[in-house]
Q: 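Input: one structure, supplied below.
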Amino acid sequence: MCTIIHGIPVVADPTLSQKKTNRIVAEVIRSWNWKGRQIGKIELICDGKWVHVCSYEKPSIQIFSNN
């Protein structure tokens, strides 16, 4: 299931409830904000009683003049 939570694309295992998904995403956002990084995407994958969280940083692009 793909959804947008707090402006971040989230791909979550369909076995996860929306409440649990929101709670995990909120914790990941809090963690990343503390480190000063921006999240580009989050994937939540269930593996039995565990949930694997894959979070990807938003790419930053800088343009420099070649003059």
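None of the values given here were measured: they were computed from a predicted structure. The basis for the numbers below is simple: all heavy atoms, side chains too, and nothing from hydrogens, waters or symmetry mates.
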Q: I'd like to check the side chain to side chain contact (heavy atoms under 4.5 Å, CB included) partners of Ser31; sequence neighbours left out, ordered by chain and number.
A: Lys35
Q: State which residues pass side-chain hydrogen bond (donor to acceptor under 3.5 Å, both in side chains) with Lys41; sequence neighbours excluded, sorted by chain then number.
A: Glu43
Q: Donor-acceptor pairs are to be reported for all side-chain atoms of residues 3-16 against protein atoms at under 3.5 Å, with residues two or more places apart or in another chain.
A:
residue: Asp13; atom: OD1; partner: Thr15; partner atom: N; Å: 3.0
residue: Asp13; atom: OD1; partner: Thr15; partner atom: OG1; Å: 2.7
residue: Asp13; atom: OD2; partner: Cys46; partner atom: N; Å: 3.3

Q: Taking side-chain hydrogen bond (donor to acceptor under 3.5 Å, both in side chains) as the definition, give me every residue that meets it alongside Ser17, ordered by chain and number, with sequence neighbours left out.
A: none
Q: For residues Ile24 and Val51, report the shortest heavy-atom separation together with the two atoms involved.
A: CD1-CG1, 4.1 Å
Q: Going by side chain to side chain contact (heavy atoms under 4.5 Å, CB included), name the residues that satisfy it together with Gln38, two or more places apart in sequence or in a different chain.
A: Lys58
Q: Hydrophobic side-chain clustering at under 4.5 Å (ILVMFWY, transitive links): who's grouped with Tyr56? Put none if nobody.
A: none
Q: Could you tell me which residues satisfy side-chain hydrogen bond (donor to acceptor under 3.5 Å, both in side chains) with Gln18, sequence neighbours excluded, listed by chain and number?
A: Asn22
Q: Start with the C-alpha gap between Cys54 and Ile45, add the side-chain angles, then the distance that decides, and say whether side chain to side chain contact (heavy atoms under 4.5 Å, CB included) holds.
A: CA-CA 8 Å; Cys54 302; Ile45 304 161; 4.2 Å; yes
Q: Among all residues two or more places apart in sequence or in another chain, which pass the side-chain hydrogen bond (donor to acceptor under 3.5 Å, both in side chains) test with Glu27?
A: Arg30
